[in-house]
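Remember, it's a predicted structure, so these values are computed and weren't measured experimentally. Throughout, protein chains are lettered first and strands after them, A, B, ... in sequence-line order, and every chain is numbered starting at 1.
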Amino acid sequence: MLDLKFVRSNPLIVEEALKKRGIEMGLEEFLHLEEKRRHLLYQVEKLKKQRNEVSEKIGLQKTAGQDASDMIEEMREVSREIKEMDEEIKKVEQKLKDTLLHIPNIPHQTVPVGKGEEENIEVRRWGEITNFDFNPLSHWELGEMLDILDFERAGKVSGARFSFSKGLGARLERALYNFMLDLHIEAGYREVFPPFLVNKQSMTGTGQLPKFAEDMFKIEGEDYYLIPTAEVPVTNLYRDEILDEGELPIYHVAYSACFRAEAGAAGRDTRGLIRQHQFNKVELVKFVKPAVSYQELEGLVLNAEKVLQLLKLPYRVVLLCSGDLGFSAAKCYDLEVWMPSSGSFREISSCSNFEDYQARRANIRYRPAGGKGKLRYVHTLNGSGVAVGRTMAAILENNQQKDGSVYIPEVLHRYMGGVETIENPFS
RNA sequence: GGAGAGAUGGCCGAGUCCGGUUGAAGGCGCUCGACUCGAAAUCGAGUAGACCGUGAUGAGCGGUCUCGUGGGUUCGAAUCCCACUCUCUCCGCCA
């Protein structure tokens with residue numbers, strides 16, 4: 001959420017930023033309401049001051065044994081007025097807050113202005129696009145042939161967009177997130193294992209709610225939502241807390257299953273592991289001081305890239321343009337891995353700096369060293385390090401061989417009990 | 001799920017029965033100063049946040065609100081009443 005005072009004093013900047021995201025939104029009504037709020041507040045506070053003063057006098061008179069019924073009578077009326085105004089103010093504040101919660105973050109100056117995906121900017125590439133001297137299969141074809149993925153039975157047991165991984169497939173998946181966790185722990189991230197269900201306030205803290213309710217699963221009759229990413233529980237770890245400057249930066253890495261309704265994705269990526277209702281992901285989350293958040297973002301991207309480099313998967317780094325930028329993010333890089341079945345790069349990680357946008361929603365602040373000075377909001381960042389299901393798909397497709405077998409990247413061998421290849425039983 | 005106890009400032013902890021200089025005693029921690037070659041110990045001072053107004057979107061000053069959350073009673077609520085949330089103890093159930 002943006003700072004109310006900032007919006008109030010810089011409405012043109014905010015409107016301009018919204019325009020860059022392709023949102024036409026006038027703030028006139030908002031500003032009007034805000035003015036009303038301040039006016040009412042001023043009036044009611046004057047009355048409250050009067051009430052406080054007179055009530056103190058009443059107390060003094062009463063303890064002195066004198067009558068104060070005329071003052072009490074007078075204050076009864078004042079209190080009634082205060083009550084009415086308080087109710088009015090509450091309504092106005094609620095409206096203002098609702099609006100604020102629906103305003104996305106302001107893109108950073110370094111974010112290119114653009115309408116959508118097509119206008120993202122490729123920053124760099126790593127590795128060679130895989131070439132085959134045979135007709136390569138898709139990962140779902142490979143997975144079924146090798147009996148390590150089962151989409152059909154998952155359809156029976158759960159429904160569309162679910163899968164079983166089996167045998168060496170299940171082991172590969174486990175190897176992948178263990179490898180990722182170990183790698184990031186070594187890079188200085190502290191491992192946390194989060195709850196997969198969180199409450200509404202946490203979802204609001206990171207920005208999924210109130211605007212994107214249809215994107216996620218909710219437990220009926222309970223205040224529990226299935227997390228769409230570990231970003232939600234891990235960022236909310238420090239919600240409503242005041243950290244010491246000395247504790248910053250805080251780096252966390254978390255494995256979690258992720259759950260997404262994919263409501264708007266009907267007909268897209270219906271086959272395979274690319275777009276599932278449930279998938280595994282290792283997530284990186286940072287809490288840092290504002291001055292260093294952009295250099296921390298670059299570092300975060302490198303941490304995510306390292307995963308793909310060690311797995312020897314070709315990828316590129318893309319800087320998202322304003323129109324493709326996530327709601328809460330100020331700047332975001334996507335990592336896109338080469339996917340032979342589609343002959344294109346597909347998103348496998350998304351690394352964002354949210355500046356103080358989430359911190360303000362979730363009320364995460366820090367106390368500058370020395371104990372003096374005002375509290376400040378931290379900057380939060382997160383990025384996939386990386387999406388496990390898509391990584392598995394990428395390995396299957398990029399590492400397939402003519403006989404249908406798939407070789408396992410070397411760094412995973414020790415996680416696979418020495419298995420180096422998933423053999424094709426039919427060859 | 002049943003029974004009971006509790007939730008106060010960065011932390012611990014009084015106050016709640018009997019509503020009125022209690023934004024809140026005391027302690028710890030932290031900051032600054034004194035002492036010291038330096039440190040410890042000791043002594044002194046300071047030490048919540050949000051919002052509104054003023055001011056330069058600073059310091060300062062004035063004000064309002066906040067003692068788990070929300071509502072109620074009252075001229076006035078940490079203190080009384082109601083609902084909810086969470087924590088702890090015991091019992092039951094359970095991976």
Side-chain angles (χ1 to χ4, degrees), chain A residues 1-14 30-97 100 106 193 195-205 219 221-225 233 236-248 250 257 290 356 359-378:
Chain A
M1 155 171 86
L2 300 179
D3 182 22
L4 175 61
K5 276 184 223 163
F6 177 82
V7 178
R8 183 166 83 207
S9 40
N10 304 283
L12 293 178
I13 293 179
V14 176
F30 181 84
L31 295 174
H32 231 81
L33 260 186
E34 164 60 7
E35 201 166 316
K36 184 176 177 188
R37 178 184 77 95
R38 279 185 293 159
H39 176 75
L40 284 169
L41 213 50
Y42 179 72
Q43 299 298 330
V44 82
E45 285 185 0
K46 258 199 317 204
L47 285 179
K48 283 181 178 174
K49 183 183 180 187
Q50 187 195 355
R51 183 179 70 181
N52 287 344
E53 284 168 354
V54 176
S55 287
E56 197 177 321
K57 259 188 231 162
I58 292 171
L60 288 172
Q61 286 215 8
K62 280 207 160 180
T63 44
Q66 292 167 348
D67 178 67
S69 45
D70 51 335
M71 281 194 280
I72 290 176
E73 196 54 47
E74 191 189 340
M75 283 309 103
R76 192 169 291 161
E77 177 56 27
V78 170
S79 269
R80 204 188 51 73
E81 265 179 71
I82 288 173
K83 200 175 163 184
E84 272 175 25
M85 291 181 80
D86 271 343
E87 274 166 29
E88 177 75 14
I89 288 167
K90 214 172 152 183
K91 268 187 226 161
V92 171
E93 285 186 335
Q94 189 56 50
K95 260 194 225 168
L96 285 168
K97 190 161 186 205
L100 270 183
I106 295 174
F193 184 81
F196 292 180
L197 300 181
V198 299
N199 57 33
K200 186 177 180 178
Q201 225 190 324
S202 294
M203 284 294 192
T204 307
I219 305 292
E222 306 273 351
D223 184 25
Y224 291 136
Y225 296 81
N236 278 281
L237 247 185
Y238 304 108
R239 190 177 73 222
D240 294 320
E241 290 193 29
I242 297 165
L243 306 167
D244 285 325
E245 181 174 353
E247 294 177 73
L248 300 175
I250 295 172
D356 61 7
R360 186 172 289 110
R361 282 173 166 251
N363 193 29
I364 308 169
R365 294 172 293 177
Y366 74 96
R367 190 179 300 282
K372 300 261 180 199
K374 283 202 123 191
L375 300 184
R376 299 198 59 184
Y377 288 108
V378 300

Listing request: all salt bridge (charged side-chain N to carboxylate O under 4.0 Å, His left out) pairs with a residue in residues 40-63 of chain A, at least two apart in sequence or in separate chains. Lys48(A)-Asp86(A)
Rounded to whole Å, the CG-P distance (Asp86(A) to U66(B)) equals 10 Å
Hey, can you pull the residues of residues 38-46 of chain A with a non-hydrogen atom under 4.0 angstrom from RNA chain B? Arg38(A), Leu41(A), Glu45(A)
Just compare C51(B), G49(B), C65(B) and give me whichever is closest to any side-chain atom of Arg365(A). G49(B)
P spacing across the pair C11(B) / U16(B), given as an integer number of angstrom: 23 Å
List for me each residue that meets side-chain contact (heavy atoms from CB on, under 4.5 Å) alongside Leu248(A), sequence neighbours excluded, and say none if there are none. Leu243(A), Ile250(A), Phe287(A), Lys289(A), Tyr366(A), Val378(A)
Would you mind reading off the distance between Glu53(A) atom CD and G62(B) atom P, rounded to a whole angstrom? 14 Å
Ignoring backbone atoms, test whether Asn52(A) places a side-chain nitrogen or oxygen under 4.0 Å from the OP1 or OP2 oxygen of G20(B). no
Partners passing side chain to side chain donor-acceptor pair (under 3.5 Å) against Tyr238(A) (at least two apart in sequence or in another chain): His252(A)
Taking U69(B) as the reference, what is the distance to U8(B) when you measure between their P atoms (whole Å, please)? 10 Å
For Asp223(A) and Asn199(A), does a side-chain donor sit closer than 3.5 Å to a side-chain acceptor? no
Mind checking side-chain contact (heavy atoms from CB on, under 4.5 Å) for Ile219(A) and listing every partner two or more places apart, or none if nothing turns up? Leu197(A), Glu222(A), Tyr224(A), Leu226(A)
For U79(B) versus U22(B), give the span between their C1' atoms, rounded off to a whole number of Å. 11 Å
When Ser9(A) and Arg37(A) are each assigned the nearest nucleotide of RNA chain B, the 5'-most assignment goes to Arg37(A)
Would you kindly compare Leu60(A) and Ile242(A) by the position of their nearest RNA chain B nucleotide and give the one closer to the 5′ end? Ile242(A)
Nearest-nucleotide pick for Arg367(A), side chain only, options being C52(B), C65(B), A48(B): A48(B)
How would nucleotides 67-88 of chain B be written as a contact map, 5' to 3', with B for base contact, S for sugar-phosphate-only contact and - for no contact, using protein heavy atoms under 4.0 Å? ---SSSS-BS------------
Distance check: side-chain N/O of Lys49(A) vs OP1/OP2 of G62(B), anything under 4.0 Å? no
Distance check, P atoms only: G71(B) and G62(B), in whole angstrom units. 30 Å
More than 12 heavy atoms from other groups under 6.0 Å of OH on Tyr42(A): no
Round to a whole Å and report the spacing from CG of Asn363(A) to P of A48(B). 18 Å
Please enumerate all residues that pass salt bridge (charged side-chain N to carboxylate O under 4.0 Å, His left out) together with Glu87(A), with sequence neighbours excluded. none
Taking side chain to side chain donor-acceptor pair (under 3.5 Å) as the definition, give me every residue that meets it alongside Arg239(A), ordered by chain and number, with sequence neighbours left out. Ser202(A), Asn236(A)
What pairs with Pro195(A) under side-chain contact (heavy atoms from CB on, under 4.5 Å), at least two apart in sequence or on another chain? Pro233(A)
Approximate separation, where rounding is to 0.5 Å, of Asp70(A) CG and Gln61(A) CD: 7.5 Å
Interatomic distance at C1', G44(B) relative to A48(B), whole Å: 23 Å
Atom pair distance, as rounded to whole Å: OH in Tyr377(A) and P in G49(B): 13 Å
Checking all strands, does Arg8(A) fall into the base, sugar-phosphate, or nothing category for heavy-atom contacts under 4.0 angstrom? sugar-phosphate
Could you pull out all residues at least two apart from Ser69(A) that satisfy side chain to side chain donor-acceptor pair (under 3.5 Å)? Asp67(A)
Pairing pattern in dot-bracket form [Watson-Crick, G-U; both distances under 3.5 Å; | = partner strand] for RNA chain B: ((((((((.[[[..)....(.....]]]((((((.......))))))(((((((.....))))))).[[[[[..)....]]]]])))))))....
For A77(B) and G23(B), measure between their P atoms and round to the nearest Å. 11 Å
From NZ of Lys5(A) over to C1' of G55(B), roughly how many Å is that when rounded to an integer? 13 Å
Figure out the CD/C1' separation between Gln50(A) and C65(B), and round it to whole Å. 18 Å
Any pair counted as salt bridge (charged side-chain N to carboxylate O under 4.0 Å, His left out), so long as it reaches residues 32-42 of chain A, sequence neighbours left out: Arg8(A)-Glu34(A), Glu34(A)-Arg37(A), Glu34(A)-Arg38(A), Lys36(A)-Glu88(A), Arg37(A)-Glu93(A)
